[in-house]
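Model, not experiment: these values are computed from the prediction.
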2 protein chains.
Amino acid sequence: MATLHDTETFEGESFPSPLAINHAIAADLIAVLVAVTAGEPRVLTIQDRRALPSGPFELEHRSLQSGLRAWVERQTKHPLGYVEQLYTFADKDRAGTGQRVVSISYLGLTREQPLAPEQEARWLGWYTFFPWEDHRDGPPAMIEAALVPRLEAWAAGALDPGVRQARTQRAAITFGLDGRPWNEELVLQRYELLYEARLIPEALRGAAPEGEGFTVPGRAMILDHRRILATGIARLRAKIKYHPVVFELMPETFTLLQLQRCVEALAGRLVHKQNFRRLIEAQELVEETGETAQDTGGRPAKLFRFRREVLAERAIVGTKLPISRA
Amino acid sequence: MATLHDTETFEGESFPSPLAINHAIAADLIAVLVAVTAGEPRVLTIQDRRALPSGPFELEHRSLQSGLRAWVERQTKHPLGYVEQLYTFADKDRAGTGQRVVSISYLGLTREQPLAPEQEARWLGWYTFFPWEDHRDGPPAMIEAALVPRLEAWAAGALDPGVRQARTQRAAITFGLDGRPWNEELVLQRYELLYEARLIPEALRGAAPEGEGFTVPGRAMILDHRRILATGIARLRAKIKYHPVVFELMPETFTLLQLQRCVEALAGRLVHKQNFRRLIEAQELVEETGETAQDTGGRPAKLFRFRREVLAERAIVGTKLPISRA
DNA sequence: CATGCTTATACTCCTAGTGAGCATTTCTGG
DNA sequence: CCAGAAATGCTCACTAGGAGTATAAGCATG
């Protein structure tokens, strides 16, 4: 049928009926599957650790979400505790082939299970892909050593002084330079900045021959998979602050320090122990099991379990506007 | 080509290559276009106010986002100040035809412009579709009068006492019953609750013949467009709290009260005037133009303009975890 | 078995943000 | 001149959350 996006008029017919089929395209699902093991955030990868698992668009399921869940659980035997749609990518030439592919990406939280050795899938720490994102021991040295000089060169390379200033400012804000605070949620912005500055191997593909140009440490992935992973990390780092999803990554029972280490692993930065406990307990997110963990290396810690009831008891709040409660 | 989602094994080949085309499906874009006119939040509709504008999946553009922007601006002559992807819907039988359609929905902010009279598109206040969402004059009477009794009946209709209790609790939380606070962000949850309770005409289609069953006030839309609209409203209500997008809905210059009325219109609730001003000025989001508006009916108000620089100066923050700044 | 290391747990202090109300100023319309 | 409507300025009280101190309870080791 005729599509109308060339029509310059805007009359009755100009908006096609929502029932009309406009373009047949190809679609698939891409999953960012996250677990936290031994205090490290990890993602499931395939293809020699260079790709995120992607799968068919299943037609049988009630919803995309349930389709994704069933597919992952069948393929990996990892039950998914939490699933959330991330973003739909359909940029031109994503695949580099001229082929238009729509990829609907999802974030899934799980607990790492042993993978059969013949399987191609591997769990890998996500800081392998984003070494500049782990600030648990302070800002990684590679930021000052490798990123800053190249970002400065990139900024200086702009002809227009306004652009130069804007690039410098963007780098300073996203990477927390010049005494600015580090904002762990800007994962995607940082990746995109490095991409624009052509410091990411993925950005050089097609243009320069592989191997040319200075690139920055951090494992590359195929196509735009690293961007999708960055999107997932950013979403998760934001989410843990107002929704109790961390517990989907924890074992059934855990100590408060384990919980804290898990949050820190995801956020890539440390939190104040006493305040963390105060916050968790004030919200009544957990309850004691009555047991203690003896292998802490110090005073035994009480074991806790997530109070699943809170998911029903509460709705997510979080208000920044001066809203009257009257 | 063969899809692998029936395979129960998980070996090398089980994850198809991301380049593989798994299913050819139909895709379109759906836009929630919002403006605030005369203190009322409005959305652009077509098809006798029963549908959101939807359009073709454009292949020429660099990205989905730019494709949507170009399409809307060409069709409606409304420049879009802000565009954000909402959600991708592909649930089975969304269209009711068995046809699988993927709809990528977007939220766009603009300023209402006159529409040519022959155009099918119409701006309509969004509370026409969600009369229970406007709490600017206190909770609408229709909640107590029309919603609560039917939700109670629905809850009581469950055989299992646990389900009864859960339904009652959900209704109480989402609608702020039993002295609970009203949370304006739960737009989608409220709509889905009413949908599940079969109080929404859209939920009765196909099952019961049209006209049967008690439904609740509020204009219906085709397919799942009202759900998409609810998603957009919810997203916008959340967004205005931590990102300065309201200004995309305002004229070039405005008084602080106009700005406040705009926020209140979107949030569906009132804010404390003095605190609102304090917040806006503390964040240095606006600057005085030097002029005053005389037609306020009282003391003339200073006119302000949005300081666009803040978009570059700042990154969005907002932290709820006890994160150390050291 | 005393000592020191490690971790858990309990309090205290301080400050920025913010909800709420009062008071004063400056306009318009009778 | 007076009432009404906003705009604008200021105070107050409370809370969340950042940071530090102090104490308790285990283990390893000489």
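The nearest whole Å value for the distance from the CD atom in B/Glu281 to the P atom in D/dC10 is 12 Å. Put simply, CG on A/Leu259 is 13 Å from P on C/dT9, counting in whole angstrom units. Following rounding to the nearest Å, B/Phe276 (CZ) and D/dC10 (C1') show an atom-to-atom distance of 19 Å. Per the geometry, CG belonging to A/Leu279 stands 9 Å off C1' belonging to D/dA16, to the nearest Å. Taking atom CD1 on A/Ile280 and atom C1' on C/dT9, their separation rounds to 15 Å, with Å as the unit. Look at CG on B/Leu256: it is 12 Å from C1' on D/dA6, rounded to the nearest Å. Going from atom NE2 of A/His272 over to atom P of C/dT7 covers 16 Å, rounded to whole Å. Between the CG atom of A/Asn275 and the C1' atom of C/dT15 there is a distance of 13 Å, given to the nearest Å.
When each of A/Arg278 and B/Arg277 is assigned the nucleotide of DNA chain D bearing its nearest heavy atom, the one mapping closer to the 5' terminus is B/Arg277. Each of B/Arg261 and B/Gln274 was assigned the nucleotide of DNA chain D with the nearest heavy atom; the assignment lying further toward the 5' end belongs to B/Arg261.
In summary, of the residues considered (A/Arg269, A/Arg190, A/Arg136, A/Arg237), a salt bridge (Lys or Arg N to Asp or Glu O under 4.0 Å) with A/Glu184 occurs for A/Arg269 alone.
The base of D/dA5 has none of its N or O atoms less than 3.5 Å from a complementary donor or acceptor on the side chain of B/Arg299.
When all heavy atoms of A/Ile228 and A/Ser105 are compared, the pair lying nearest together is CG2-CB, 3.8 Å.
Backbone-only engagement by B/Leu257 is indicated by non-hydrogen atom pairs under 4.0 Å involving sugar-phosphate atoms exclusively. The residue B/Lys302 sits close only to the backbone: its heavy atoms come under 4.0 Å of sugar-phosphate atoms, none of a base.
Ring-plane geometry between A/Tyr191 and A/Phe130 is classed as perpendicular, the angle between the planes exceeding 60 degrees on a 0 to 90 degree scale with a lower cut at 30. Aromatic ring orientation, B/Phe247 versus B/Phe306: parallel (interplanar angle below 30°, classes split at 30° and 60°).
OP1 and OP2 of C/dT9 both lie 4.0 Å or more from every side-chain N or O belonging to A/Lys273.
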If you apply the rule side-chain hydrogen bond (donor to acceptor under 3.5 Å, both in side chains), what do you find for A/Gln189 with A/Thr174, and how did you get there? CA-CA 7 Å; A/Gln189 287 89 330; A/Thr174 52; over 6 Å; no
